[in-house]
Every structure is written in C-alpha cells, then in structure tokens.
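Comments concern the structure below.
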Amino acid sequence: QVQLVESGGGLVQAGGSLRLSCAASGSFFRINVMGWYRQASGKQCELVATITTGGSTNYADSVKGRFTISRDNAENTVYLQMNNLKPEDTAVYYCNAEANRYYGANYYTYWGQGTQVTVSS
C-alpha cells in the first residue's frame, strides 16, 4: 500500500505563486510515473502534469509555461511549482503515483487526499 500526502495548497491572488508537494510512503518497490491532477467545482478531474522516473514531463496546455513539475526520486516526492496563477486554476489538486510492490509486479495507481488551491481575482 502506498500513501500520498500533499501539502502546499492555499489562497493566493491572481499572478501569485504556490508550490505543492506530495510525499509517498508505505510498502512499495518502485514508483514509476508521478503526477498532479485537479478537479474544479462542477467539473471533471483533469491532468495537470506528469513526470517519469527519468524526468520526462507532460503538461496540460492550460498550464504550459506557468507550472513546473519536478521530483526527488530519493525522497519519493513530487513537486508542482505554480506561477502566474489564474482564477481558473482554482481546484482541488490531487497527487497521483504508479507503484508496484515488488520486482516485476504490476503497477497500480494511488491517489492523495487532495489539497485546495484557490486563486482570487
């Protein structure tokens, strides 16, 4: 079982910055892709950014150039630096990780509990 604990959300004015962190703990052999998703009120959950173990990244078009995802493999932690925040970035942000329990085992997807990001205009 993998536990993902997010931190760093909060209230910020438009144009401001926030940095989200997500630390993985528990029983696992390897974590593959880690990422961030978000869900605004009344909308579906959407991809924000993902990062592989090797550092390859993928971003939603809406955040390209403003958000940066990074990870510390030794600490099993993923970060999301969010700059130039806009009111439409307001959402609950969820951390996501693919992990397996031993060498050669299937990967399963785990989710954090979410952290609220609110951007005021």
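None of these values were measured; they are calculated from a predicted model.
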Does [X] reach the side chain of [Y], with side-chain heavy atoms less than 4.5 Å apart?
X: L18; Y: L85; answer: yes
X: I51; Y: V78; answer: yes
X: Q3; Y: Y110; answer: no
X: T118; Y: V12; answer: no
X: F28; Y: N76; answer: yes
X: Y93; Y: L80; answer: yes

Within one Ile-Leu-Val-Met-Phe-Trp-Tyr cluster: [X] and [Y], side-chain cutoff 4.5 Å:
X: Y108; Y: M34; answer: yes
X: V92; Y: V119; answer: no
X: M82; Y: I69; answer: yes

State, to 0.1 Å, how close [X] and [Y] come at their nearest heavy-atom pair, and which atoms those are.
X: S121; Y: P87; answer: CB-CG, 3.8 Å
X: R66; Y: N84; answer: NH1-O, 3.0 Å
X: I31; Y: T53; answer: O-OG1, 3.2 Å
X: A99; Y: V2; answer: CB-CG2, 3.8 Å
X: A105; Y: N100; answer: O-ND2, 3.4 Å

If you look only at pairs with a residue in residues 32-78, which of them pass as a ring pair (Phe, Tyr, Trp, His ring centres under 6.0 Å), with sequence neighbours excluded? Y37-W111

Among residues at least two apart in sequence or on other chains, which ones pass side-chain contact (heavy atoms from CB on, under 4.5 Å) with V33? T50, T52, E98

For E46, the side-chain contact (heavy atoms from CB on, under 4.5 Å) test, sequence neighbours excluded, returns R38

Between L20 and V117, is a side chain to side chain contact (heavy atoms under 4.5 Å, CB included) present by the stated rule, with each step listed? CA-CA 9 Å; L20 305 182; V117 171; 4.1 Å; yes

Checking [X] now: which residues fulfil side-chain hydrogen bond (donor to acceptor under 3.5 Å, both in side chains) with it, not counting sequence neighbours?
X: K64; value: D61
X: Y107; value: R30
X: Q113; value: E6
X: R101; value: none

According to disulfide (SG to SG under 2.5 Å), does anything in [range] pair up with another residue at least two apart or in another chain? List the pairs.
range: residues 46-84; result: none
range: residues 51-121; result: C22-C95
range: residues 31-89; result: none

Residues 68-78 vs salt bridge (charged side-chain N to carboxylate O under 4.0 Å, His left out), sequence neighbours excluded, gives none

How would you list all residue pairs meeting side-chain hydrogen bond (donor to acceptor under 3.5 Å, both in side chains) that involve residues 8-28, not counting sequence neighbours? S17-N83

